[in-house]
Visitor: 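I'd like to ask you about the structure that follows.
In listed order, ligands and their atoms are each counted from 1.
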Amino acid sequence: MPEQLVTVERHGTTVVLTLDRPSALNALSRALVAELAERLEEAAADEAVRAVVLTGSAKAFCAGADISEIPNMTGASPLDTLPFDRLFDTVATLRVPTIAAVRGLAFGGGCELVLACDTAVAGRSARFAVPEVRLGVIPGAGGTQRLVHAVGKAKAMRMLATGAPVDAEWAYAAGLVADLVDDDQVLHRALELAGQIAGNAPRAVAYAVDSARRANDLPLHQGLAHERRNFLLALGTSDAQEGVAAFTDRRTPAFTGR
Ligand SMILES: CCCCCCCCCCCCC[C@H](O)CC(=O)SCCNC(=O)CCNC(=O)[C@H](O)C(C)(C)COP(=O)(O)OP(=O)(O)OC[C@H]1O[C@@H](n2cnc3c(N)ncnc32)[C@H](O)[C@@H]1OP(=O)(O)O
């Protein structure tokens with residue numbers, strides 16, 4: 001029986017996935033990457049799930065790619081898909097919002113996992129780095145792209161070119177994470193945020209999250225057209241009608257997700 005590398009917990013409409021390879025600071029082996037992708041896809045296939053929280057066990061979020069497995073990657077054809085493309089594409093395009101809950105270090109692919117999520121909560125012990133240059137490589141799971149979008153070119157280049165870690169305060173001030181709380185409140189805050197997302201009209205949230213994600217990928221004029229289409233689609237939902245009616249009636253809306 002292969003060891004379980006990802007634990008799954010259900011908290012209402014939120015699924016919490018915990019990287020559970022503490023002996024290697026949750027370093028991403030091929031086995032862990034494959035198991036995490038499967039758990040994410042299972043969560044997204046459940047219509048009752050409205051958000052996914054990604055977190056790490058023990059003192060680390062994730063120390064990045066398992067360095068012992070990197071030599072197996074050398075010589076790969078430039079046309080090959082990388083063994084972790086499926087995981088990061090799944091995180092970045094999941095049907096429901098993804099929230100990274102970070103305590104301890106998120107280095108390399110671990111930092112890239114945080115960046116692939118829709119938002120993130122950090123504890124005061126959190127540290128972020130893209131130290132790939134110190135291994136003679138560069139980030140390969142979106143770090144050179146998403147980090148610039150998250151913190152801006154100057155701060156991204158400081159991290160990318162030096163590989164030096166930044167602390168939780170710096171990450172929060174730079175916009176790499178949305179919330180900074182005490183370590184023992186990280187999961188609580190992530191679940192609270194997930195609950196707030198689930199409480200809103202789920203379809204409208206899906207439109208909003210999809211638009212926010214596309215904003216990362218599309219030139220502005222295409223992003224605005226995408227937002228306009230989603231806005232008109234959202235207007236046509238019964239949730240939008242219920243939201244307007246509830247405001248008028250001074251009552252809490254009863255959203256159905258349709
Ligand atoms: C690249 C393809 C690989 C194919 C496999 C598929 C996985 C795909 C992953 C997706 C991302 C790929 C793209 C990404 O951009 C590339 C990377 O992420 S490269 C790796 C970047 N990470 C690092 O460089 C961090 C390396 N670790 C450290 O610098 C230090 O461990 C630390 C994080 C600063 C912590 O230091 P300490 O607190 O002193 O702890 P230790 O060093 O003693 O570590 C404890 C224990 O954990 C083991 N370990 C730590 N990090 C890794 C790691 N990245 N890979 C494997 N093992 C790791 C360390 O060896 C210790 O184990 P022990 O020796 O006690 O058995």
Side-chain angles (χ1 to χ4, degrees), residues 2-6 17-41 52 54-94 98 100 102-117 120 122-151 155-168 170-171 176 183 216:
E3 68 170 316
Q4 184 182 10
L5 298 169
V6 178
L17 300 179
T18 303
L19 304 184
D20 192 14
R21 196 183 170 214
S23 63
L25 299 181
N26 301 327
L28 294 169
S29 61
R30 285 173 184 265
L32 176 46
V33 162
E35 187 172 331
L36 183 56
E38 284 167 19
R39 298 295 86 78
L40 281 161
E41 288 159 3
V52 170
L54 196 50
T55 192
S57 63
K59 65 174 184 176
F61 178 77
C62 172
D66 185 326
I67 293 174
S68 70
E69 294 193 12
I70 289 180
N72 303 341
M73 277 289 298
T74 52
S77 149
L79 301 179
D80 282 348
T81 55
L82 294 169
F84 45 84
D85 286 349
R86 171 189 167 208
L87 170 61
F88 284 82
D89 292 347
T90 300
V91 174
T93 60
L94 206 68
T98 47
V102 185
R103 287 166 298 180
L105 56 91
F107 281 19
C111 187
E112 290 170 302
L113 267 183
V114 175
L115 290 164
C117 288
R124 299 191 191 288
S125 70
R127 287 187 297 145
F128 303 86
V130 275
E132 287 83 343
V133 290
R134 297 182 175 185
L135 295 171
V137 293
I138 66 166
T144 64
Q145 307 304 306
R146 294 193 174 104
L147 190 58
V148 175
H149 283 292
V151 304
K155 289 180 176 175
M157 280 309 294
R158 174 200 188 285
M159 291 182 69
L160 290 162
T162 68
V166 297
D167 64 17
W170 191 98
L176 209 164
D183 271 27
N216 262 326

Visitor: Using a 4.0 Å cut-off to any heavy atom of Ser23, which atoms of ligand 1 qualify?
Guide: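 Counting from 1, the qualifying ligand atoms are 46 (C), 47 (O), 62 (O).
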Visitor: Check this for me - ligand 1, Glu112, N or O atoms closer than 3.5 angstrom, yes or no?
Guide: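 N/O-N/O distance under 3.5 Å: yes.
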Visitor: Please confirm whether Pro139 comes within less than 3.5 Å of ligand 1 when only nitrogen or oxygen atoms on both sides are compared.
Guide: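 No, no N or O pair falls under 3.5 Å.
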Visitor: Counting both backbone and side chain atoms, is some N or O of Gly109 under 3.5 Å from an N or O of ligand 1?
Guide: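 In this structure, Gly109 places an N or O atom under 3.5 Å from an N or O of ligand 1.
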Visitor: Any N or O of Ile138 that comes nearer than 3.5 Å to an N or O of ligand 1?
Guide: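 Looking only at distances, the answer is no, because the N/O contact criterion of under 3.5 Å is not met.
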Visitor: Phe128 and Val102: side-chain contact (heavy atoms from CB on, under 4.5 Å), yes or no, with the steps?
Guide: CA-CA 9 Å; Phe128 303 86; Val102 185; 3.9 Å; yes
Visitor: Report, in ascending order of atom number, the atoms of ligand 1 lying under 4.0 Å from any heavy atom of Asp66.
Guide: 55 (N), 56 (C)
Visitor: In this structure, does ligand 1 have an atom that sits under 4.0 Å from one of the heavy atoms of Ala129?
Guide: no
Visitor: Taking only heavy atoms of Gly108 into account, list the atoms of ligand 1 that are under 4.0 Å away from them.
Guide: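 This gives 18 (O), 21 (C) as the contact atoms.
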Visitor: Looking only at distance, does Gly64 have an N or O less than 3.5 Å from an N or O of ligand 1?
Guide: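 In this structure, Gly64 places no N or O atom under 3.5 Å from an N or O of ligand 1.
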Visitor: Is there a side-chain contact between Leu5 and Glu3 (heavy atoms, below 4.5 Å)?
Guide: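 Yes - at least one pair of side-chain heavy atoms lies under 4.5 Å apart.
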Visitor: Would Phe88 and Leu113 satisfy side-chain contact (heavy atoms from CB on, under 4.5 Å), going step by step from the backbone distance to the final call?
Guide: CA-CA 7 Å; Phe88 284 82; Leu113 267 183; 3.8 Å; yes
Visitor: Could you tell me whether the side chain of Leu147 reaches within less than 4.5 Å of the side chain of Leu176, counting heavy atoms only?
Guide: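 Leu176 reaches Leu147 side chain to side chain.
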Visitor: Please list, in number order, the atoms of ligand 1 under 4.0 Å from a heavy atom of Ile70.
Guide: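 Checking each atom against Ile70, I get 1 (C).
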Visitor: Please tell me if the side chains of Val130 and Thr144 come closer than 4.5 Å, counting only heavy atoms from C-beta onward.
Guide: no
Visitor: What distance separates Leu115 CG from Gln145 CD, expressed to the nearest 0.5 Å?
Guide: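 One gets 11.0 Å once the value is rounded to the nearest 0.5 Å.
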Visitor: Output yes when the distance from some N or O of ligand 1 to some N or O of Ser68 is under 3.5 Å, and no in every other case.
Guide: no
Visitor: Identify which of Glu69, Lys59, Arg134, Arg30 has a heavy atom lying nearest to atom 38 (O) of ligand 1.
Guide: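 Nearest heavy atom to atom 38 (O) of ligand 1 lies in Lys59.
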Visitor: What distance do Thr90 atom OG1 and Leu36 atom CG have between them, rounded to the nearest 0.5 Å?
Guide: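 Thr90 OG1 to Leu36 CG: 9.0 Å, rounded to 0.5 Å.
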Visitor: Do Glu35 and Arg21 have side chains that get closer than 4.5 Å, going by heavy atoms?
Guide: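 A side-chain contact under 4.5 Å is absent here.
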Visitor: Between CG of Leu19 and OG1 of Thr55, what distance do you get to the nearest 0.5 Å?
Guide: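 Those atoms lie 7.5 Å apart.
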Visitor: State the CZ-SG distance between Arg146 and Cys117, to the nearest 0.5 angstrom.
Guide: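 SG of Cys117 is found 9.5 Å from CZ of Arg146.
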Visitor: To the nearest 0.5 Å, how far apart are CD in Gln4 and OG1 in Thr18?
Guide: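 That separation rounds to 9.5 Å.
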Visitor: Would you mind running through ligand 1 and noting each atom that sits below 4.0 Å from a heavy atom of Val33?
Guide: 7 (C), 8 (C)
Visitor: Does at least one non-hydrogen atom of Ala24 fall below 4.0 angstrom from an atom of ligand 1?
Guide: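 In this structure, Ala24 qualifies as a contact of ligand 1 - some heavy atom is under 4.0 Å.
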Visitor: Please identify which atoms of ligand 1 are closer than 4.0 Å to at least one heavy atom of Glu132.
Guide: 14 (C), 15 (O), 16 (C), 17 (C), 18 (O), 19 (S)
Visitor: Considering distance alone, does some N or O of Phe88 sit under 3.5 Å from an N or O of ligand 1?
Guide: no
Visitor: Who gets closest to atom 18 (O) of ligand 1 by heavy atom: Ala65, Gly104, Gly140, Gly110?
Guide: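 Looking at heavy atoms only, Ala65 sits closest to atom 18 (O) of ligand 1.
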Visitor: Measure from atom 32 (C) of ligand 1 to every heavy atom in Ile67, Val133, Leu105, Leu135 and give the option owning the shortest one.
Guide: Leu105
